[in-house]
2 protein chains.
Amino acid sequence: MARATIADVARRAGVSKGLVSLALNDRPGVSAETRTRIQRIAEDMDWRPNPAARGLSAGRAFALGLVVHRERHTVEVDPFFASFIAGVEEALSQDNRVLVLSVVTDADTEAETYRRLSKDRRVDGFLLTDFLTDDHRVALLRELDTPAVILGDPAENIPFPVVSRDYARGVESLLAHLAELGHRRIAHVTGDLQMQHASRRRDHFLTHCRALGLEALIAEADFSPERGAQATVELLDGDHRPTAIVYANDPMAIAGIAVAHERGLNLPADLSVAGMDGSDIGRYTYPSLTTLNNDPAGWGRQAAAVLLELIEQGEAADAALPGADLIIRGSTGAPA
Amino acid sequence: MARATIADVARRAGVSKGLVSLALNDRPGVSAETRTRIQRIAEDMDWRPNPAARGLSAGRAFALGLVVHRERHTVEVDPFFASFIAGVEEALSQDNRVLVLSVVTDADTEAETYRRLSKDRRVDGFLLTDFLTDDHRVALLRELDTPAVILGDPAENIPFPVVSRDYARGVESLLAHLAELGHRRIAHVTGDLQMQHASRRRDHFLTHCRALGLEALIAEADFSPERGAQATVELLDGDHRPTAIVYANDPMAIAGIAVAHERGLNLPADLSVAGMDGSDIGRYTYPSLTTLNNDPAGWGRQAAAVLLELIEQGEAADAALPGADLIIRGSTGAPA
DNA sequence: GACGATAGTAGAACCGGTTTAGAGAGTTTG
DNA sequence: CAAACTCTCTAAACCGGTTCTACTATCGTC
């Protein structure tokens, strides 16, 4: 049951450990004949390198790290991560690597976790989600001299590769769709504006409202359904009540729909609503939720691929995912 | 920047590596004086054991594994895992251990992942969620001779410790609540009945309906909002339309609410609805969702603690979490 | 004062890989 | 034909811990 070691393979092949290592890692210095013989024997014995041994020798962990920072009450509501991780997995498992996941609920623990995982060599690099406009993790990871890849679209010049998706076009089609339906005053409920994708989405919203000649309202929230609901109340109570609300993510949109229902509004006639996450649960709300598609698994695959390249090659180019486009469902319609 | 090794500490203390190891692991054979001196020096040098080295020597990984199996289209909608993992984290980080997470979308990959993580010694044990009534993972992990802890309440005798939560009482209070409101015919939309907690919840439902003299209907689904919606349609179209529907989880309940709204039903007057997950998003639906509290973080903390004990001590007792109790919100009321 | 017991410590082996120096055989070169 | 060079391979060191064996000093005992 115990796995065969490289010494077992060497013994069986009648050669030294070192030669087996060279043969199995496709390194020069082994005759073609011996190499295939060793490879055949290794396969036959179901040999697989022990990651701890290899890691000790190479100073690598063969693992990627993902540290998710969520406030305690916000932890559960994010539909992004499961699919994202499934995507990461696809890029990882073929290479016998592994994902180390940590969920932390405060900033100190977050920094401590990055430190620990990096210094203990538990991971070779990090996937940085929820990137902040001025993200302290950049300095931290430079100090730790640890590779990372950023998910988002940072304004500044960042010393790590970036994986991004264009939302400008998606937001534009969403607003064009609303304008075409006859909406003239549209609100946006933002995510946590410290987060770079939240402020980007707000900027896209404002830019394209202006371009389309729409009146734009902004209500600040933080991606949580609680704040989303609260922002919705404010908008519906305000003097300039919008006929449509675009939420920075789907959970807030769902909470917004609930607020509207509570007031007896008829959706979408009295109020159109849209999200920006493309989440599956949005198919099953009432009305079903117009949103942008986001393909979290695609994010995961691509981010992991870039990070692996950075770790292996020492450098990696930025990558752009296909732009998010519009998913029209039942929650948007002509205003009454 | 490079971390101090045990040899550095030994040199600085003027003793041998071995003695440092004994001193820092609180093992006998070191004089009290020398021990504190070494400990002080180690702390001073910010020494921390290298997990790869320790793992290689001890044959352990100092990591726990969690393999989540979800169909591709169901991946995202589970509010359980993020909080669960946050709970696991609490039990782990103090001990400098780590969680290795894998999300897989088919059964073959699932088995392969357990094999790989175990044989490569990437983890020391597994947390088994979504336990099936006749779960193939039990045999697999016995074959691999790998510790595991089961989340659920299996009927059979299982060679692994079990962490369970009592839902019987919660289901009973939920049904009593509905009965008191005047409901007489109540339906249950089940989860995937292969899963042990799904069949348990159905059994509790049937038992307590009988005890309370309620007419019980069962509609089979699989925890996905899609099937939850479909089951709701069937129930509402059926000859014996219930006045209340209890869903095996919250996402299905949310989808059920949407179906009811779509038909112009007034909730809760025309139909009462309840979930069983205690999810936060249920606060922000319309109407807000009556449900059972589930405390996923508590599950995580406890399961990790039991698994660590099993790994350390070679055995661990079952653990029972506090029973789930009723959270009454707006989606249940007296039938019209 | 010789003896054994015991505490405290050094040193080496080991875990399972990778890497490097160098040995031996065969081939080219001046 | 000897020197230089290639090619293939072995042996040993190394990564950073843990653990086992054996040695030395100290102590108590008769």
Side-chain angles (χ1 to χ4, degrees), chain A residues 1-39 41-42 45-63 95-97 118-122 124 312, chain B residues 1-39 41-42 45-63 95-97 118-122 124 312:
Chain A
M1 197 66 269
R3 197 129 244 195
T5 73
I6 205 168
D8 300 329
V9 177
R11 201 171 309 124
R12 181 113 158 246
V15 299
S16 68
K17 274 170 56 176
L19 196 63
V20 174
S21 177
L22 296 183
L24 294 173
N25 289 305
D26 279 320
R27 306 182 57 110
V30 191
S31 72
E33 188 195 1
T34 313
R35 163 165 285 138
T36 57
R37 192 166 59 86
I38 291 177
Q39 283 169 343
I41 290 175
M45 297 176 81
D46 193 28
W47 176 86
R48 288 254 297 287
N50 176 321
R54 201 208 277 253
L56 177 58
S57 175
R60 302 242 245 99
F62 303 98
D95 215 6
N96 210 25
R97 285 166 206 262
S118 166
K119 288 204 173 186
D120 289 356
R121 298 238 80 111
R122 302 243 34 171
D124 300 319
E312 290 307 317
Chain B
M1 199 64 270
R3 197 128 244 197
T5 73
I6 205 169
D8 300 328
V9 177
R11 201 171 312 124
R12 181 117 156 244
V15 298
S16 69
K17 275 170 56 177
L19 197 62
V20 174
S21 177
L22 295 183
L24 294 173
N25 290 305
D26 278 319
R27 307 181 55 111
V30 191
S31 70
E33 188 195 1
T34 313
R35 162 165 288 138
T36 57
R37 192 166 59 87
I38 291 178
Q39 283 169 344
I41 290 175
M45 297 177 81
D46 193 27
W47 177 85
R48 288 253 297 289
N50 176 321
R54 200 208 278 252
L56 177 57
S57 174
R60 301 241 245 99
F62 303 99
D95 215 8
N96 211 24
R97 286 166 205 263
S118 166
K119 288 204 173 185
D120 289 356
R121 296 238 80 112
R122 301 247 27 177
D124 299 319
E312 290 307 318

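Values reported hereafter were calculated over all heavy atoms of this structure, with side chains retained and with hydrogens, waters and symmetry mates removed. None of the values given here were measured: they were computed from a predicted structure.
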Trainee: Which pairs pass salt bridge (Lys or Arg N to Asp or Glu O under 4.0 Å) with one or both residues in residues 51-63 of chain A, sequence neighbours excluded?
Mentor: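 Only A/Arg60-A/Glu312 qualify under salt bridge (Lys or Arg N to Asp or Glu O under 4.0 Å).
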Trainee: Heavy atoms only, 4.0 Å cut-off, all strands: where does A/Thr5 land among base, sugar-phosphate and nothing?
Mentor: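 A/Thr5: backbone/sugar contact only, no base atoms under 4.0 Å.
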Trainee: If you count every heavy atom of other residues, nucleotides or ligands that lies below 6.0 Å from B/Arg27 atom CZ, does the total exceed 12?
Mentor: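 No, the 6.0 Å shell around CZ holds no more than 12 heavy atoms from other groups.
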Trainee: NA contact type, A/Arg121, heavy-atom cut-off 4.0 Å: base, sugar-phosphate, or nothing?
Mentor: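 Contact class for A/Arg121: none.
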Trainee: Which heavy atom of B/Asp120 sits nearest to which heavy atom of A/Arg48, and what is that distance?
Mentor: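 Closest approach of B/Asp120 to A/Arg48: OD2-NH2, 2.9 Å.
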Trainee: Taking the side chain as every heavy atom from C-beta outward, state whether A/Arg121 and A/Leu56 have any atom pair closer than 4.5 Å.
Mentor: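 A side-chain contact is absent here, since even the closest heavy-atom pair is not under 4.5 Å.
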Trainee: Where along residues 49-60 of chain A does a heavy atom come under 4.0 Å from DNA chain D, residue by residue in number order?
Mentor: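 Residues of residues 49-60 of chain A that come under 4.0 Å of DNA chain D are, in numerical order, A/Leu56, A/Ser57.
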Trainee: Could you pull out the protein-nucleic contacts involving nucleotides 6-10 of chain D (nitrogen or oxygen on both sides, under 3.5 Å)?
Mentor:
residue	atom	partner	partner atom	Å
D/dC9	OP1	A/Thr34	OG1	2.6
D/dC9	OP2	A/Ser31	N	3.0
D/dC9	OP2	A/Ser31	OG	3.3
D/dC9	OP2	A/Thr34	OG1	3.3
D/dT10	OP2	A/Ser16	N	2.9
D/dT10	OP2	A/Ser16	OG	3.2

Trainee: Looking only at heavy atoms, which two atoms of A/Leu24 and A/Ala42 are closest? And how far apart?
Mentor: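 Scanning both residues, the minimum pair turns out to be CD2-CB, 3.8 Å.
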Trainee: Show the nearest heavy-atom pair for residues A/Asp124 and A/Ala61, with the distance to one decimal.
Mentor: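 Reported closest heavy-atom pair: OD1-N, 2.6 Å.
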Trainee: I'd like to know if the side chain of A/Arg3 reaches the main chain of A/Asn50, judged simply by a donor and an acceptor atom lying under 3.5 Å from each other, with no hydrogens or angles considered.
Mentor: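 Side chain of A/Arg3 to backbone of A/Asn50, a donor-acceptor pair under 3.5 Å: no, none is there.
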Trainee: Mind listing the closest non-hydrogen atom pair of B/Gly55 and A/Ala52 along with its distance?
Mentor: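 Closest pair (atom of B/Gly55, atom of A/Ala52, distance): C-CB, 4.5 Å.
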Trainee: Going 5' to 3' along DNA chain C, between which two nucleotides do contacts with chain A fall, using a heavy-atom cut-off of 4.0 Å?
Mentor: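 Boundary nucleotides touching chain A, in 5' to 3' order, are C/dG16 to C/dT19.
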Trainee: What residues form a side-chain contact (heavy atoms from CB on, under 4.5 Å) with A/Asp95, not counting sequence neighbours?
Mentor: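 A/Asp95 satisfies side-chain contact (heavy atoms from CB on, under 4.5 Å) with A/Arg97 once adjacent residues are dropped.
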Trainee: Can you give the donor-acceptor pairs under 3.5 Å from side chains of residues 6-20 of chain B to other protein atoms, not counting sequence neighbours?
Mentor:
residue	atom	partner	partner atom	Å
B/Asp8	OD1	B/Arg11	NH1	3.4
B/Asp8	OD2	B/Thr5	N	2.9
B/Asp8	OD2	B/Thr5	OG1	3.4
B/Arg12	NH2	B/Asp44	OD2	2.8
B/Ser16	OG	B/Leu19	N	3.4

